[in-house]
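Okay, so here's the structure we're looking at.
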There are 2 protein chains.
Amino acid sequence: MNKIKRYNSTDKVMVAVDCIIFGFDNERLKLLLIKRSFEPEIGKWSLMGGFLKKSENLDQAAARVLKNLTGLENIYLEQLYSYSKIDRDPVDRTISVAYFALISIDKYKIQISKDHDAKWFDINDYPKPIFDHSKMIKKALVRLRRKALTYPIGFELLPEKFTMKQLQDLYESIFNKEIDKRNFISKVISLNVLIKTEEKDKSTSKKGAFLYRFDENKYNENKKQGYNLSIKLK
Amino acid sequence: MNKIKRYNSTDKVMVAVDCIIFGFDNERLKLLLIKRSFEPEIGKWSLMGGFLKKSENLDQAAARVLKNLTGLENIYLEQLYSYSKIDRDPVDRTISVAYFALISIDKYKIQISKDHDAKWFDINDYPKPIFDHSKMIKKALVRLRRKALTYPIGFELLPEKFTMKQLQDLYESIFNKEIDKRNFISKVISLNVLIKTEEKDKSTSKKGAFLYRFDENKYNENKKQGYNLSIKLK
DNA sequence: CCAAAAGTGTTTATGATACACCCATGA
DNA sequence: TCATGGGTGTATCATAAACACTTTTGG
């Protein structure tokens, strides 16, 4: 190919990534927000974000932003949606590509970077964030709910070993809805992606609850047949 | 708010929108591609695209691109995904936000702009397009299939009045799969969004087939209960 | 021994699938 | 009258939902 003129660059814009970081603390679904230490909107709650660099793609930028805040790598990240309202950022024309991340809060000992004033909030009770971040969070939750029905998100949100109660709590928290224990367990078992270990977690009862692990191989074998954890959404 | 320094602008990039334009000609689902009249990749098939301007948001840019090619306004457009591989466009660093559009090919007398060499292709038989457009098209088809199960896309893809056969052909074409006529019709009727008119289309049979219309009010009333046109995807 | 959480099955209801014949009409 | 596409109903099967009691054990 011969030399080609570069495109007219008068319309170049800043591209940001913002991360909706979901975490599960083995009881409730949480959302990680930071208190902004810079203008604009200093002191207000915000999603963790950053600008896309010339040397990276969007997935990489989102991973960098996430690592910057949590120190974690190889975390589940999925692109959500791109936001482009002209004045969404009062400083400069910026479009933002939102990503959402899924983290098991205690699987890793998360060291939230001291550079940031960050806090986990319950997914049903968090402060109003800046800009259009509220829209992003709502859309991420919708996406997470859909994903939870067709993909074993417990892989990402639960520790290595977990009890059925924890798995059920995760789903109840995501859907903000009580689920019948018997139906839930028999459905989950029938999906055939869990391995029951010999171990018990005695931290919440005298009897103790068996610990389970996800089996990625089983999941990969079975996923052709479809994975569907129907939960009635009234 | 006081004057705030603009963000460092060394990392500004071009933002493009590319439109995956689906159309239904009352027989098969089609895809509209253009033959590029400019470098790079002149003469190859491509999605219709354009660059985001400072004065518009992404939805507006996509609508402008679509109007530019087809002359149509108020067409269903949905943002699909943002593509950002560093060298995806060989000329300059560009990220592209893909949108997909749904058009009833004969509901409007589409005047494809003579400025473009455009052509409708069958969704199962189209030429390999440039850059990452093939990935975009595949993702758009996945999205369309999901959408078809939960939203009456016939609103967008069919003419004002249509026969059950046309509606079924649309779904068979989208899913590339034969569907049982009796099951399909009774399922569609049960969704309670169609109005049967007194008119018949006699163009394909001596007996004639009743024409139906979508009823947007019925749809809006019923959608709280969910809209689900289960089609077995083997 | 008892409080508290873990564990376990069955029945019913709903919805999906499979399947085949009659109808209306213009040529 | 007959060829062609239009229109219709039922029986079976799979899965979701509703529902309550027994087990275990540390304190």
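Everything numeric in this text was worked out from a predicted model, so none of it was measured. So that the names make sense, note that chain A is the first sequence line, chain B the second, and so on, each numbered from 1.
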Roughly how many Å is it from [atom1] in [X] to [atom2] in [N], rounded to a whole number?
X: Phe210(B); N: dC23(C); atom1: CZ; atom2: P; value: 16 Å
X: Gln166(A); N: dA5(C); atom1: CD; atom2: C1'; value: 13 Å
X: Phe184(A); N: dG9(C); atom1: CZ; atom2: C1'; value: 18 Å
X: Lys206(A); N: dG26(D); atom1: NZ; atom2: C1'; value: 5 Å
X: Leu211(A); N: dA5(C); atom1: CG; atom2: P; value: 18 Å
X: Arg182(B); N: dT12(D); atom1: CZ; atom2: P; value: 16 Å
X: Asp169(B); N: dG6(D); atom1: CG; atom2: C1'; value: 13 Å
X: Ile185(A); N: dA5(C); atom1: CD1; atom2: P; value: 15 Å

Side chain to side chain, Val97(B) and Ser82(B), heavy atoms closer than 4.5 Å: yes
Leu167(B) vs Val188(B) side-chain heavy atoms within contact, under 4.5 Å: yes
Touch class at under 4.0 angstrom, heavy-atom based, for Lys202(A) against every strand present: sugar-phosphate
Touch class at under 4.0 angstrom, heavy-atom based, for Lys181(B) against every strand present: base
Phe155(A) and Tyr219(A) aromatic centres sub-6.0 Å: yes
Phe162(B) ring center near Phe214(B) ring center (under 6.0 Å): yes
Upstream residue (5' side of DNA chain C) when Gly208(A) and Asn228(B) are each assigned their closest nucleotide: Gly208(A)
Relative to [Y], does [X] satisfy both conditions: NZ or CZ under 6.0 angstrom from the six-membered ring centre, and within 45 degrees of the ring's axis?
X: Lys196(B); Y: Tyr212(B); value: no
X: Arg28(A); Y: Tyr126(A); value: no
X: Lys147(B); Y: Tyr151(B); value: yes

dA16(D) OP1/OP2 closer than 4.0 Å to side-chain N/O of Lys187(A): yes
side-chain N/O Thr204(A) vs dA6(C) OP1/OP2, d < 4.0 Å: yes
dA24(C) base / Lys207(B) side chain donor-acceptor hit below 3.5 Å: no
Contact nearer the 5' end of DNA chain D, comparing Lys196(B) with Ser205(A): Lys196(B)
Net bend of the helix from dC1(C)-dG27(D) to dA27(C)-dT1(D), end axes of five pairs each, nearest 10 degrees: 10°
